There are 2 protein chains.
Amino acid sequence: MEHRIDRIKKQLHSQSYKLTPQREATVRVLLENEEDHLSAEDVYLLVKEKAPEIGLATVYRTLELLSELKVVDKINFGDGVSRYDLRKEGAEHFHHHLVCIECGSVEEIEEDLLTDVEKIVEGQWGFEVKDHRLTFHGICRVCQKQAVSAASTNESGKE
Amino acid sequence: MEHRIDRIKKQLHSQSYKLTPQREATVRVLLENEEDHLSAEDVYLLVKEKAPEIGLATVYRTLELLSELKVVDKINFGDGVSRYDLRKEGAEHFHHHLVCIECGSVEEIEEDLLTDVEKIVEGQWGFEVKDHRLTFHGICRVCQKQAVSAASTNESGKE
DNA sequence: CATCCAGTGATAATCATTATCAGATTGTAT
DNA sequence: ATACAATCTGATAATGATTATCACTGGATG
């Protein structure tokens, strides 16, 4: 964790930005909640627990900055708020998401999976791919099981 | 065009919604600007040209309705507004987009391209894919050419 | 004709995000 | 240490997209 903060610190310094206490607190919250997909408001509330004097505007500014530096990715699942997702260290591409339309859970896929597709896009459309966003909407493992057990509980024979 | 409006009309009726003049005007605007990715405001202004008495709220309501019926897809390119994109007739999946980070142009890809990837996701993650969103960010053909010609005009030998 | 109700238009309300601005903090040169 | 400039911050106002409200309309039904 300290290692990753160091890296981010260097990244900031290389563009002559500072890792202020507020920014560090924000980064720590992101690191500690890497699995989640926090909105700016979420991050603000969590940061406030460790640094109560921080302002919402600063959180927005920090997230914007981290977004420019490609430390985080700003994503939008269509629910009206932007969410911020840490890039894995060394990842040159954004990871993918599996959004469950039943329970709303979001799972991440680290594998690239798109190498072939990008080759096609570059070759056939002459488009130089720099990054991608891929989200699948569907039904997660858990909800599939629940659907099955619900069907078998209701022994009418029909779904 | 009339054919497609008829289809949409039937789709509405099947859920006991009506194709009111306002809704029809909105659908026509979407059909006539199928290549673009109009925001609600864009649609509103275009609809107003043919039906000046229409209200913005009605346009929002119609777009929301069409979105629920999967006639249009609501997309977000991260510029703060939702955009509405007609689904191609019979398409079970959403089409993909190539967003140019230089000029902001948006190109569409109708081909699926993700069949293999979806198989992997279903097999390896046990996720039942219902739909997907795929956007590539990069540099379009036009901007690539401009970059090349700008470099050769500036004959310093360096880029 | 009376009634019902989805649909509409105008506008107020909401809510996420951004802009503003005075003050705090930091780094640097003296 | 001191002065200065630049960066950063917190509070809050402003913005802008979207949604909620509410009185009204127009067509369908009996």
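Since the model is a prediction, treat every value here as computed from it, not as a measurement.
Using a 4.5 Å heavy-atom threshold, the side chains of A:Glu64 and A:Lys74 count as touching. By the 4.5 Å heavy-atom criterion applied to side chains, B:Glu32 and B:Met1 are counted as neighbours.
The phosphate of C:dG9 (OP1 or OP2) has a side-chain N or O of B:Gln22 nearer than 4.0 angstrom. Residue B:Thr58 has a polar side-chain atom (N or O) positioned under 4.0 Å from OP1 or OP2 of C:dG9. For B:Ser39, no side-chain nitrogen or oxygen approaches OP1 or OP2 of D:dA17 to under 4.0 Å. Taking side-chain N and O atoms only, A:Thr20 has no distance below 4.0 Å to OP1 or OP2 of D:dT7.
The nearest whole Å value for the distance from the CD1 atom in A:Ile54 to the C1' atom in C:dA24 is 15 Å. Rounded to an integer number of Å, the gap from CG of A:Leu56 to C1' of D:dT15 is 15 Å. Separating the CD atom of B:Glu24 from the C1' atom of C:dT8 is a distance of 16 Å, rounded to the nearest angstrom. Atom NZ in B:Lys18 sits about 12 Å away from atom C1' in D:dT29, given to the nearest Å. Rounding to whole angstrom units, OH of residue B:Tyr60 and P of C:dA10 are separated by 16 Å. Computed from coordinates, the A:Asp79 CG to C:dA16 C1' distance equals 11 Å when rounded to whole Å. Here the C1' atom of nucleotide C:dG27 and the CG atom of A:Leu19 are 16 Å apart, to the nearest Å. Look at CG on A:Leu12: it is 15 Å from P on D:dT7, rounded to the nearest Å.
You'll find the ring centres of A:His137 and B:His132 outside the 6.0 Å limit.
Nearest-nucleotide positions on DNA chain C place A:Ala40 closer to the 5' end than the other of A:Ala40 and A:Arg61.
Across all strands shown, A:Glu64 has no heavy atoms under 4.0 Å from either base or sugar-phosphate atoms. Within the 4.0 angstrom heavy-atom criterion, only backbone atoms of the sugar-phosphate kind lie near A:Ser82; the bases stay farther away. Within the 4.0 angstrom heavy-atom criterion, no nucleotide atom of any strand lies near B:Glu41.
Formation of a donor-acceptor pair under 3.5 Å by the A:Asp6 side chain with backbone atoms of A:His3 is not found in this model.
Among C:dA16, C:dG7, D:dT12, the nucleotide with an atom closest to any side-chain atom of B:Arg23 is C:dG7.
A:Phe94 carries A:Arg133 over the face of its six-membered ring, with the cationic atom under 6.0 Å from the centre and within 45° of the normal.
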